[in-house]
S.K.: 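Starting off with a structure, shown below.
Lettering of chains follows the sequences in order, A, B, ..., and the numbering in each one begins at 1.
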Number of protein chains: 2
Amino acid sequence: MEGFTPLRPSAKLADEVTSALAARIASGELMPGDRLPAEKELGVSLGVSRSVVREAISRLKHDGLVETRQGAGAFVAGPQSAKSFRLQPTGADVAPDLAHIFELRCEVEAGAAAFAAERRDAADLVQIEAALTAIQLAMEAGRDGVAEDKALHVAIAAASGNPAFVRFLDFLANQLEEAIRAARLNSLKVAGRPMAVQREHRRVVEAIQAGDSAAARTAMAAHIRAAAQRLGVAR
Amino acid sequence: MEGFTPLRPSAKLADEVTSALAARIASGELMPGDRLPAEKELGVSLGVSRSVVREAISRLKHDGLVETRQGAGAFVAGPQSAKSFRLQPTGADVAPDLAHIFELRCEVEAGAAAFAAERRDAADLVQIEAALTAIQLAMEAGRDGVAEDKALHVAIAAASGNPAFVRFLDFLANQLEEAIRAARLNSLKVAGRPMAVQREHRRVVEAIQAGDSAAARTAMAAHIRAAAQRLGVAR
DNA sequence: CTTAATTTGTACGTATGTATT
DNA sequence: CAATACATACGTACAAATTAA
């Protein structure tokens with residue numbers, strides 16, 4: 001018989017429509033400048049109400065993928081007007097490659113450490129030192145210390161004096177955790193060799209304390225690469 | 001006289017509501033786990049219909065800022081569930097600092113060049129060389145060559161073998177152009193000293209051709225920093 | 001220039017499934 | 001179990017803007 005695909009109840013209709021439209025744009029089926037079908041028309045062709053279509057288009061508009069003009073219609077926007085960055089684009093079905101994310105993170109994290117070595121002030125150094133000892137205490141207490149590890153990286157990024165580093169690294173770290181969970185890897189960042197991890201941390205912090213930008217960069221890059229290898233996602 | 005703000009007709013209601021809610025979340029007025037007012041309630045308190053509120057919440061949900069449970073309500077999500085990265089967060093009113101964006105771009109672009117030097121294949125080298133000569137031709141023809149310049153950077157990023165670099169650098173470049181336009185700077189990237197720019201390009205390309213990862217990194221970093229200085233947005 | 005048709009923007013009403021009390 | 005609150009979804013209606021006749 002078949003004949004019905006009443007839409008998985010778990011996935012909301014607006015999500016489905018958003019993905020469908022985004023996929024059509026990403027695939028090139030809809031080119032920049034093209035007009036989308038009218039909301040009413042999209043509704044009947046997809047079998048959903050106009051409200052659902054409006055929510056989906058509203059999301060795409062917010063991401064800069066489409067632009068709407070009242071009375072005229074909705075148009076595919078050029079790639080230069082994207083307002084948000086996603087590691088997994090909306091319409092995509094494949095998960096992003098963990099190794100690729102790690103490489104991106106490695107560059108940014110190393111850069112943040114280098115800037116931190118140049119610009120850190122007394123308050124930054126206090127924060128960094130405190131985070132380092134917090135990891136030590138967590139390890140000695142038998143806990144995994146992932147929260148403390150995260151705090152150290154945040155403190156270093158903050159010492160760079162560039163909030164864009166802080167926000168982007170936070171975003172990347174969260175996406176990484178999500179992807180690691182999805183891949184069912186051992187999520188404990190410091191699992192296996194907590195001593196080695198802490199040694200890497202100390203090298204980074206010492207370089208920042210010494211104001212050695214180049215050393216901070218290489219030490220942090222080595223740390224991130226080692227983390228990727230511990231997870232088995234290195235190149 | 002002033003006295004009236006009957007909603008700017010240019011700004012759509014859904015945009016306003018989205019910004020208002022995002023600002024409340026960013027400011028900490030709404031903490032993770034907090035429940036948002038009911039849609040109906042938000043509608044009356046903001047003076048808009050429930051459809052508008054739904055569109056706004058739908059956007060925030062898509063960005064991972066809130067999560068909704070049917071029958072329960074809409075809740076502020078933790079910062080770890082963000083699904084998109086924006087240089088200018090939704091509720092923010094201040095434009096991001098150009099120097100900060102340039103620093104972030106510098107790190108990623110330099111990293112992409114370094115990976116390109118390690119991994120480029122024959123096809124990549126052809127693309128890169130073609131882009132370099134295209135810039136030369138554009139300059140000799142008296143055109144600004146910004147499109148050709150962009151193509152070179154895309155080719156280098158693609159040669160890195162990491163699509164995350166390509167997509168993020170594309171995002172950053174577009175955001176940078178947008179911010180430069182908004183700041184009313186001279187948007188011509190190669191304005192002033194096209195010869196110097198091309199010399200910088202050639203150094204990067206030669207390092208990639210030679211497979212010298214470290215040289216490609218430093219050359220690209222110098223190029224981006226010089227570009228920032230030409231715009232007068234360096235530190 | 002005026003008129004009419006189309007389309008988005010906004011508002012409101014209703015029904016249903018779900019969660020909480 | 002029952003009642004209430006809420007998100008989800010659909011439908012209708014009108015205003016505002018655009019476009020074409």
S.K.: Atom NZ of Lys12(B) to atom C1' of dT7(C): distance rounded to whole Å?
M.R.: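 Checked: the NZ to C1' distance equals 13 Å.
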
S.K.: So, Gln198(A) versus Gln136(A): side-chain donor-acceptor pair below 3.5 Å or not?
M.R.: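 The answer is yes; a qualifying pair exists.
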
S.K.: For residues 65-76 of chain B, which residue pairs qualify under salt bridge (Lys or Arg N to Asp or Glu O under 4.0 Å), counting only residues two or more places apart or in two chains?
M.R.: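 Sorted pair list comes back empty.
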
S.K.: What is the distance, to the nearest angstrom, from the CG atom on Leu13(B) to the C1' atom on dA16(D)?
M.R.: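 Rounding to the nearest Å, CG of Leu13(B) and C1' of dA16(D) are 12 Å apart.
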
S.K.: For DNA chain C, determine which residues of residues 53-62 of chain A have any heavy atom closer than 4.0 angstrom to one of its atoms, and list them numerically.
M.R.: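 Heavy-atom contacts with DNA chain C come from Arg54(A), Lys61(A).
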
S.K.: In terms of side-chain heavy atoms, does Arg54(B) have a donor or acceptor partner in Ser51(A) at a distance below 3.5 Å?
M.R.: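 No, Ser51(A) and Arg54(B) have no side-chain donor paired with an acceptor closer than 3.5 Å.
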
S.K.: For Ser49(B) and dT10(C), is the shortest distance between a side-chain N/O and OP1 or OP2 below 4.0 Å?
M.R.: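 Looking at the OP1 and OP2 atoms of dT10(C), neither is under 4.0 Å from any side-chain N or O of Ser49(B).
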
S.K.: Assess, by modelled atom type and distance only, whether the side chains of His201(B) and Asp149(B) contain a donor and an acceptor separated by less than 3.5 Å.
M.R.: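 Note: His201(B) and Asp149(B) side chains meet the donor-acceptor criterion.
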
S.K.: Of the candidate nucleotides dG9(C), dC6(D), dA11(C), which contains the atom at the shortest distance from the side chain of Ala38(B)?
M.R.: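 Nearest to the side-chain atoms of Ala38(B), counting from C-beta on, is dC6(D).
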
S.K.: Send over the distance from Leu46(B) CG to dA11(C) P, rounded to a whole Å.
M.R.: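 About 11 Å, once rounded to whole Å.
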
S.K.: Kindly write out the residues that satisfy side-chain contact (heavy atoms from CB on, under 4.5 Å) with Thr68(B), not counting sequence neighbours, or none if the list is empty.
M.R.: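 Once residues adjacent in sequence are excluded, the partners of Thr68(B) under the side-chain contact (heavy atoms from CB on, under 4.5 Å) criterion are Ile57(B), Lys61(B), Ala74(B).
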
S.K.: For a quick check, with a 4.0 angstrom heavy-atom cut-off, what is the B/S/- contact string for nucleotides 13-21 of chain C, read 5' to 3'?
M.R.: ----BBSS-

S.K.: Show every ring-ring contact (aromatic ring centres under 6.0 Å, His included) that has at least one partner inside residues 39-83 of chain B, sequence neighbours left out.
M.R.: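 Residue pairs passing ring-ring contact (aromatic ring centres under 6.0 Å, His included), neighbours aside: none found.
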
S.K.: Just compare dA9(D), dA11(C), dT10(C) and give me whichever is closest to any side-chain atom of Val48(B).
M.R.: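 For Val48(B), the side-chain atoms sit closest to dA11(C).
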
S.K.: Please check if any side-chain donor atom of Asn174(B) sits under 3.5 Å from a side-chain acceptor atom of Lys83(A), or the reverse.
M.R.: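 No pair is found: no donor N or O on one side chain lies under 3.5 Å from an acceptor on the other.
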
S.K.: Apply ring pair (Phe, Tyr, Trp, His ring centres under 6.0 Å) to Phe168(B) and list each qualifying residue two or more places apart in sequence or on a separate chain.
M.R.: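 Expected list: Phe85(A), Phe168(A).
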
